Amino acid sequence: MEGGCYCGAVRYEVTGQPVMKGQCHCRECQYISGGGPNYFMTVPSDGFAITKGTIAEFERDDIPNPRLRQFCPKCGTHLTTVIREMGFTVVKVGTLDDPAGDYRGPAVAIYMKDAQPFHLVPDGKPTFDALPPRR
């Protein structure tokens, strides 16, 4: 799978198999998405690579366990979130070249405890107040 930012300055390739496809309703994701849930695909970090350009990074320094956010320094497109302690990169679905073909919709909806009344979840998809239990 391939993708990139809005302006084309940053490109990436995903070679790892997704371990989760979902939509996140947490407050942090609402800030990033503009108010809706954040559609994402989690892949092993060693299966994700920047192939063009240089990414900018942001990590809050005022909260415990902050996440590393990666984005295009030119157009500001949020590309990934890195979860270092788990070895995962969370790819933002809207940045994929073929979201419909590569993503095909969320398997789960997480952080429903923060969901807004106008957020929609596809029928029949499992929902969780936080993260789903690990298998």
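Every value quoted in this text rests on a predicted model; they were computed, and no experiment measured them.
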Handout entry: Min side-chain heavy-atom separation Val82-Glu57 under 4.5 Å
Key = no
Problem - Summary of salt bridge (charged side-chain N to carboxylate O under 4.0 Å, His left out) pairs that have at least one residue in residues 36-49, sequence neighbours excluded - result: none
Handout entry: Test item: His119 side-chain N/O and Gly35 main-chain N/O as donor-acceptor pair under 3.5 Å
Key = yes
Practice task
Return the set of residues passing side chain to side chain contact (heavy atoms under 4.5 Å, CB included) with Met20 (not counting sequence neighbours), or none when no residue passes.
Solution key: Phe40, Thr42, Val108, Pro132
Practice task
If a pair satisfies salt bridge (charged side-chain N to carboxylate O under 4.0 Å, His left out) and one of its residues is in residues 64-78, list it, with sequence neighbours excluded.
Solution key: Arg67-Glu85
Problem - Partner residues of Asp62 under the side chain to side chain donor-acceptor pair (under 3.5 Å) criterion, sequence neighbours left out - result: Arg60
Completion exercise
side chain to side chain contact (heavy atoms under 4.5 Å, CB included) filter on Thr15, not counting sequence neighbours, yields Glu13
Exercise for the section: Over all heavy atoms of both residues, which pair between Thr81 and Lys92 is shortest? Give the atoms and the distance, please. Expected result: OG1-NZ, 3.1 Å
Completion exercise
Tightest non-hydrogen contact, residues Cys7 and Cys75, listed as N-SG, 3.6 Å
Practice task
Please check if the side chain of Thr77 supplies one atom and the backbone of Tyr6 the other of a donor-acceptor pair under 3.5 Å.
Solution key: yes
Problem - Rounded distance (nearest 0.5 Å) linking atom CD1 of Ile32 with atom SG of Cys26 - result: 7.0 Å
Handout entry: Between Thr89 and Thr80: side-chain donor-acceptor atoms closer than 3.5 Å
Key = no
Handout entry: Pairing residues for Asp98 by the side chain to side chain contact (heavy atoms under 4.5 Å, CB included) criterion, not counting sequence neighbours
Key = Ala100, Asp102
Handout entry: Hphob cluster co-occupancy, Met86 + Leu131, side-chain heavy atoms under 4.5 angstrom
Key = yes
Practice task
Starting from Phe71, walk the hydrophobic network (Ile, Leu, Val, Met, Phe, Trp, Tyr; side-chain heavy atoms closer than 4.5 Å) and list everyone else you reach, by chain and number.
Solution key: Phe58
Handout entry: side chain to side chain donor-acceptor pair (under 3.5 Å) involving Glu59 - partner list, sequence neighbours excluded
Key = Arg84
Problem - Spatial distance of atom CG (Asn38) from atom OG (Ser33) [nearest 0.5 Å] - result: 6.0 Å
Completion exercise
Those residues at least two apart in sequence (or on a different chain) that pass side chain to side chain donor-acceptor pair (under 3.5 Å) with Asp97 are Arg11
Fill in the blank from the handout: By side chain to side chain donor-acceptor pair (under 3.5 Å), Gln30 pairs with (sequence neighbours left out) Arg27, Gln116
Practice task
If you link ILVMFWY side chains whenever their heavy atoms are less than 4.5 Å apart, which other residues fall into the same cluster as Val93? By chain and number, please.
Solution key: Met1, Val10, Tyr12, Val14, Tyr39, Met41, Val43, Phe48, Ile50, Ile55, Leu79, Val91, Leu96, Tyr103
Practice task
Decide side chain to side chain contact (heavy atoms under 4.5 Å, CB included) for Glu2 and Thr51; before the verdict, give the C-alpha distance in whole Å, the side-chain angles of both, and the deciding distance to 0.1 Å.
Solution key: CA-CA 9 Å; Glu2 294 182 4; Thr51 58; over 6 Å; no
Exercise for the section: Could I get the full list of side chain to side chain contact (heavy atoms under 4.5 Å, CB included) partners for Pro122, not counting sequence neighbours? Expected result: Gln23, Pro106, Lys125
Exercise for the section: Look at atom CZ of Phe118 and say whether more than 12 heavy atoms of other residues, nucleotides or ligands are closer to it than 6.0 Å. Expected result: yes
Completion exercise
Closest non-hydrogen atoms of Asp129 and Lys113, given as atom of the first, atom of the second and distance, are O-CG, 3.2 Å
